[in-house]
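So that the names make sense, note that chain A is the first sequence line, chain B the second, and so on, each numbered from 1.
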2 protein chains.
Amino acid sequence: MADVARAAGVSTATASMALNDTGGRRIGPETRERVRAAAAELGYRPNTVARGLRTRRTQMIGFVGDDVATTPFAGQMIRGAHDAAREAGFLLLMVDTSGDPAETEEAIGALQERQIDGILLATMYHQVVAVPDAMGSTPCVLLDARTADGSASSVVPDERGGTLGVLAELTGAGHVRIGHVTTREQVQARAVRLETWRERVAECGVDPEPLLVEVEHATTQLGYEGALVLLARPDRPTAVFCFNDRMAMGVYRAAAELGLAIPADLSVVSYDDQELIAPALHPGLTSAALPHYDMGRWAVVELLRRLDDPEAAPVQHRMPCPVARRQSVAKPR
Amino acid sequence: MADVARAAGVSTATASMALNDTGGRRIGPETRERVRAAAAELGYRPNTVARGLRTRRTQMIGFVGDDVATTPFAGQMIRGAHDAAREAGFLLLMVDTSGDPAETEEAIGALQERQIDGILLATMYHQVVAVPDAMGSTPCVLLDARTADGSASSVVPDERGGTLGVLAELTGAGHVRIGHVTTREQVQARAVRLETWRERVAECGVDPEPLLVEVEHATTQLGYEGALVLLARPDRPTAVFCFNDRMAMGVYRAAAELGLAIPADLSVVSYDDQELIAPALHPGLTSAALPHYDMGRWAVVELLRRLDDPEAAPVQHRMPCPVARRQSVAKPR
DNA sequence: ATGAAAGCGCTAACAG
DNA sequence: CTGTTAGCGCTTTCAT
């Protein structure tokens with residue numbers, strides 16, 4: 001920068017202002033051009049570390065995630081956050097904790113030492129969490145999680161809306177005896193999807209309980225086993241809503257073994273819309289999509305808002321889960 | 001830090017050395033303890049931006065990737081790099097380019113402005129690339145890619161070894177008529193897997209050409225269609241090696257439709273070992289795993305080595321692809 | 001409209 | 001063994 005100033009025949013102060021368009025209207029237009037030209041000539045690149053020391057802004061956002069790699073959704077969330085950050089001139093500094101609270105505290109500390117401007121705290125499989133003490137006054141937005149008291153901004157998928165969406169595909173086709181295959185794992189998503197399904201089926205005048213099967217985990221294998229049980233019952237459902245795509249994959253196998261054609265004999269809908277599964281199954285699986293990309297974007301936008309205005313009231317947002325419609329639904333036979 | 005020094009009754013220089021264990025043996029043990037205690041007392045956290053300005057080291061590594069989100073492998077690579085970096089006190093600054101060279105140059109520039117200590121350049125689906133000019137003298141390691149001239153350190157999967165590994169599962173069980181269903185997309189992986197398969201089948205005294213099917217893309221649907229063609233041929237293979245797990249999923253469907261039981265009537269092996277597919281298929285699919293986690297780790301270790309010794313000779317590494325053995329292989333009937 | 005100078009928080013060279 | 005001082009590269013008063 002000193003070189004640039006010298007080359008343009010001005011002081012470093014002037015050079016800085018010319019390059020950053022700061023200092024109001026005190027820089028003459030041709031001075032600014034001269035400085036710009038000199039900078040381009042010399043291939044000048046600002047040192048943001050020095051700038052950060054002075055301005056106390058690093059243009060970096062910390063992303064701390066539960067388990068960045070394991071879940072394929074995480075990638076989309078990161079991507080959304082990344083894109084929004086980059087558009088605003090920010091970069092993402094990533095830390096993965098294995099879900100361990102101590103590690104999370106440590107990660108937050110490591111980011112704060114690096115003077116990040118704010119933190120995105122992502123908990124895979126949206127849960128109710130407390131903002132860690134280590135956060136202190138660092139601006140923070142929760143991703144796929146929320147606080148019990150609404151003290152921090154957060155964004156979660158609208159699980160209820162998504163469930164109603166895929167169920168509407170079924171009821172719209174004329175189904176009322178709609179089964180549900182789900183997991184016993186106590187995650188937020190399970191509870192909402194299950195409860196919403198219960199309500200909706202009851203509204204159709206059908207008792208949901210005989211149409212419910214619960215298994216230990218949300219795996220393909222257990223989805224298969226659960227479906228075998230459900231489809232063997234006397235008044236078997238004409239359609240099944242699966243907790244997620246992996247379980248749906250098992251339901252497909254069970255249907256095939258029982259000689260039930262999808263969708264002619266059995267309609268199937270699901271949740272997650274995983275790229276590797278839902279479109280790859282045959283026939284393509286209708287599934288409610290988790291809007292992770294958009295959630296990532298939203299979180300960054302909200303974080304930037306809070307950086308501008310630390311007094312702004314926290315916002316709790318529910319992101320819609322659009323239905324990806326494919327070929328797994330037909331009229332009941 | 002000034003506060004800590006004052007509280008301990010020493011100068012900031014002494015405090016700095018006491019906390020960082022620098023300056024050789026010039027700090028007395030009880031002085032150091034006194035400083036440490038004061039720091040802990042005050043909850044002192046170093047400002048790494050100021051430190052970075054002084055030391056010209058930021059303890060941050062730039063990770064620039066082709067398409068971080070889209071491919072599920074990327075997550076594992078990032079995770080590996082992340083873990084190794086963190087163990088050494090480094091954090092990852094991520095930038096995703098959509099594979100666009102101009103964006104890549106820009107990303108490298110953005111990272112350099114932030115004074116990262118080095119860059120990991122990841123190209124999904126390993127390719128031969130040139131190190132971008134923008135890299136300048138920034139230390140850099142290529143991930144899942146390599147240069148034509150070996151001028152940069154790089155790590156790629158050992159595709160040939162992995163292919164031989166899964167083929168050995170088949171030949172070991174007694175198969176010689178081994179088909180191959182692959183894509184026409186011109187990626188490095190396709191060429192190596194195809195060529196290795198050709199050689200190996202020829203070594204078994206079988207002409208590979210009638211056992212080969214190529215389709216436009218490596219999708220489940222086209223894998224299905226390709227398998228229908230292959231399995232309808234007069235001298236149909238007793239086993240199939242698929243380009244990847246997604247295609248294998250299609251092969252499973254084709255076999256089911258043709259009334260061929262896997263593995264009794266047809267053995268199947270594949271490549272990628274995708275978590276969502278290979279163990280979820282029925283029966284479990286034997287597949288060569290892409291060692292992305294280990295590649296990520298290796299790249300960071302290598303980068304740190306180059307930071308220590310910028311004159312070190314570049315290394316090209318091939319990471320083994322272990323075979324994940326499941327239930328899709330049996331003796332030919 | 002511009003320049004001089006101070007200082008962000010830290011480390012490293014130089015004195016003692 | 002410890003303190004003083006200079007300075008990393010930038011921004012931002014303050015004075016002109």
Among [options], the nucleotide that comes nearest once only the side chain of [X] is considered:
{"X": "B:Arg54", "options": "D:dT12, C:dC8, C:dA12", "answer": "C:dA12"}
{"X": "A:Met17", "options": "D:dT13, C:dG9, C:dA12", "answer": "D:dT13"}
{"X": "A:Asn47", "options": "C:dC8, D:dG9, C:dG3", "answer": "D:dG9"}
{"X": "B:Ala13", "options": "C:dG9, D:dC10, C:dA12", "answer": "C:dA12"}
{"X": "B:Arg51", "options": "D:dT4, C:dT11, C:dC8", "answer": "C:dT11"}

Please determine whether the number of non-hydrogen atoms from other residues, nucleotides or ligands lying under 6.0 Å from atom CD of B:Gln316 exceeds 12.
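Atom CD in B:Gln316 is packed in, count exceeds 12.
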Tell me the interatomic distance from [X], atom [atom1], to [N], atom [atom2], rounded to whole angstroms.
{"X": "B:Gln59", "N": "C:dT11", "atom1": "CD", "atom2": "P", "result": "11 Å"}
{"X": "B:Arg114", "N": "D:dC10", "atom1": "CZ", "atom2": "C1'", "result": "15 Å"}
{"X": "B:Arg57", "N": "C:dG9", "atom1": "CZ", "atom2": "C1'", "result": "20 Å"}
{"X": "A:Asn20", "N": "D:dT13", "atom1": "CG", "atom2": "C1'", "result": "16 Å"}
{"X": "B:Leu42", "N": "C:dG9", "atom1": "CG", "atom2": "P", "result": "15 Å"}
{"X": "A:Ile27", "N": "D:dT12", "atom1": "CD1", "atom2": "C1'", "result": "12 Å"}
{"X": "A:Met1", "N": "C:dA5", "atom1": "CE", "atom2": "P", "result": "18 Å"}
{"X": "B:Gln115", "N": "D:dG9", "atom1": "CD", "atom2": "P", "result": "9 Å"}

Should [X] be listed as having a side-chain N or O under 4.0 Å from OP1 or OP2 of [N]?
{"X": "B:Thr14", "N": "D:dT2", "answer": "no"}
{"X": "A:Thr31", "N": "C:dT2", "answer": "yes"}
{"X": "B:Ser11", "N": "D:dT2", "answer": "no"}

On DNA chain C, check which nucleotide each of A:Thr12 and B:Thr55 is closest to and give me the residue with the more 5' one.
A:Thr12
Would you mind classifying the nucleic acid contact of B:Val49 as base, sugar-phosphate or nothing, using non-hydrogen atoms under 4.0 angstrom?
nothing
What's A:Thr48 touching, base or sugar-phosphate or nothing? Going by heavy atoms closer than 4.0 Å.
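Touches nothing.
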Short side-chain donor-acceptor distance under 3.5 Å, A:Ser151 and A:Asp149
yes
Would you check if there is a donor-acceptor pair between the side chains of A:Glu113 and B:Thr48 at a distance under 3.5 Å?
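Looking only at side-chain atoms, A:Glu113 and B:Thr48 do not form any donor-acceptor pair under 3.5 Å.
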Nearest heavy-atom pair of A:Arg57 and A:Leu307: which atoms, and what distance?
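In this case the closest contact between A:Arg57 and A:Leu307 is NH2-O, 3.5 Å.
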Where the side chain of A:Ser98 meets the backbone of A:Asp100, is there a donor-acceptor pair that is under 3.5 Å apart?
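Absent.
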